[in-house]
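Here's the structure, in structure tokens; my notes come after.
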Amino acid sequence: MKIVIVSGLLGVGKTSVILKMLDPLMGTGSKVAVIENDFGAMGVDSEVLERNGMKVRDLKGGCICCTMQGSLMDSLVSLKKEFATEIVVIEPTGIADPEFIVESVRAFPGIDLEGVHVSVVVDCERFLKIRRMFERPLKNQMKLAEVVMLNKIDTVSDSDLSEIEEAVRGLGYSGPLFRIRGDTGEGIPEAVEAMHI
């Protein structure tokens, strides 16, 4: 089983990005499932995902990087047994540190883990205004990221995009940056390909 973590602060558009990631992920012939752990409109997100043929496990009531680890592992085992799932996309809460999730799934003996891939979604529309306020969680998310996806590129100028890219680098990230649109899917297949899932 391969795990794909799509992290990012609350409201960056993770669910929209995940929906656009599904086609390239399923295009490999793999069985894909999604585990969401974000507070908010889970019912709406779940319906949209299930309409697209996805299996959704709702882990409300806590962050999967801490109190919900048992439920996450149970869900992974269940997805493997019930659906022979090959790729599980995990959407943690906006404040989650992906490192705890990575450590948990790597240490868990109940699944045959082929790899863990971490991506971070950044909201270009708000990033320059909130980056200092959320510097610690952003740094935590960036340190394990294989790719960073700059979402909502249509809402900012080219000069702002360049400033955002520079600021992301300033958070310690040195990998590939992808300018994307979660609403149209622009740039997302290239980001998925770069993760070598």
Side-chain angles (χ1 to χ4, degrees), residues 1-8 10 12-121 141 144-147 149 151 180 182-183 185 188-197:
M1 179 181 283
K2 298 175 183 177
I3 307 293
V4 181
I5 301 169
V6 181
S7 58
L10 185 66
V12 298
K14 295 187 296 285
T15 302
S16 297
V17 171
I18 288 171
L19 285 170
K20 300 299 183 187
M21 290 175 74
L22 297 179
D23 281 341
L25 289 174
M26 291 189 298
T28 63
S30 299
K31 290 186 179 180
V32 181
V34 176
I35 297 176
E36 285 200 286
N37 183 221
D38 222 338
F39 301 106
M42 177 58 201
V44 174
D45 296 340
S46 177
E47 286 175 20
V48 170
L49 290 166
E50 287 177 352
R51 246 196 335 267
N52 282 275
M54 303 305 299
K55 300 295 177 193
V56 178
R57 291 286 190 265
D58 179 7
L59 300 180
K60 282 191 180 171
C63 169
I64 54 178
C65 67
C66 43
T67 60
M68 297 299 291
Q69 286 179 354
S71 295
L72 172 62
M73 300 313 157
D74 291 345
S75 292
L76 292 175
V77 170
S78 172
L79 287 168
K80 187 65 176 175
K81 284 183 180 175
E82 292 178 42
F83 307 106
T85 304
E86 297 159 292
I87 299 173
V88 178
V89 180
I90 298 174
E91 178 184 344
T93 64
I95 57 168
D97 183 342
E99 185 171 13
F100 294 113
I101 303 166
V102 171
E103 288 175 359
S104 296
V105 296
R106 285 191 175 147
F108 184 66
I111 55 171
D112 184 18
L113 190 65
E114 292 180 44
V116 182
H117 305 273
V118 180
S119 62
V120 176
V121 180
Q141 291 174 358
L144 291 182
E146 287 180 51
V147 299
M149 294 180 263
N151 193 21
I180 68 156
D183 58 343
I188 294 175
E190 292 81 2
V192 171
E193 186 178 348
M195 294 172 73
H196 304 291
I197 299 166

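Throughout, numbering of the chain's residues begins at 1 and tracks the sequence.
Proximity of Phe108 to Leu113: side-chain heavy atoms (C-beta onward) are nowhere separated by under 4.5 Å. Using a 4.5 Å cut-off on side-chain heavy atoms (C-beta onward), Leu10 and Thr93 make no contact. Glu91 has its side chain within reach of Thr15: a pair of non-hydrogen atoms, C-beta onward, lies under 4.5 Å apart. Within the 4.5 Å cutoff, the side chain of Val105 has heavy atoms near those of the Met73 side chain. The shortest distance between side-chain heavy atoms of Val120 and Val12 does not fall below 4.5 Å. Annotation: side chain of Val102 is in contact with side chain of Val116 (closest heavy-atom distance under 4.5 Å). The shortest side-chain heavy-atom distance between Leu76 and Ile35 falls under the 4.5 Å cut-off. Looking at heavy atoms from C-beta onward, Ile90 lies in side-chain contact with Leu72 at the 4.5 angstrom threshold.
What you find for Pro189 and Pro24 is that their closest heavy atoms are CA-CG, 4.2 Å. Taking all atoms of both residues into account, the shortest heavy-atom contact from Gly8 to Gln141 is CA-OE1, 3.4 Å. Here the closest heavy-atom approach between residue Gly110 and residue Val77 is recorded as O-CG2, 3.9 Å. Residue Thr85 comes nearest to Val32 through the heavy atom pair CG2-C, 4.2 Å, listed as atom of the first residue, atom of the second, then distance. Annotation for Ala191 and Val147: closest pair O-CG1, 3.9 Å, computed over non-hydrogen atoms. Taking both residues in full, the closest heavy atoms of Gly13 and Asn151 are given as CA-ND2, 3.9 Å, listed atom of the first, atom of the second, then distance.
Atoms CD1 and CD1, from Ile18 and Ile188 in turn, are 10.0 Å apart once rounded to the nearest 0.5 Å. To the nearest 0.5 Å, the span separating CE on Met195 from CD1 on Ile5 amounts to 9.0 Å. Atom OG of Ser30 and atom NZ of Lys2 lie 6.0 Å apart (nearest 0.5 Å). How far CG of Leu79 is from CE of Met1: 6.0 Å, rounded to the nearest 0.5 Å.
Looking at Ser7, its side chain never comes within 3.5 Å of a backbone N or O of Gly94 through a donor-acceptor pair. His117 contributes no side-chain N or O that, together with a main-chain N or O of Ile197, makes up a donor-acceptor pair within less than 3.5 Å.
The number of heavy atoms from other shown groups lying within 6.0 Å of CD (Glu103) is above 12. Lys31 NZ: 12 or fewer foreign heavy atoms inside a 6.0 Å radius.
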Fill in: Met149 and Val121: CA distance, side-chain angles, deciding distance, side-chain contact (heavy atoms from CB on, under 4.5 Å) verdict
CA-CA 5 Å; Met149 294 180 263; Val121 180; 4.3 Å; yes
Item to complete: Assess whether side-chain contact (heavy atoms from CB on, under 4.5 Å) is satisfied between Leu22 and Val34, documenting all intermediate values.
Response: CA-CA 9 Å; Leu22 297 179; Val34 176; 4.1 Å; yes
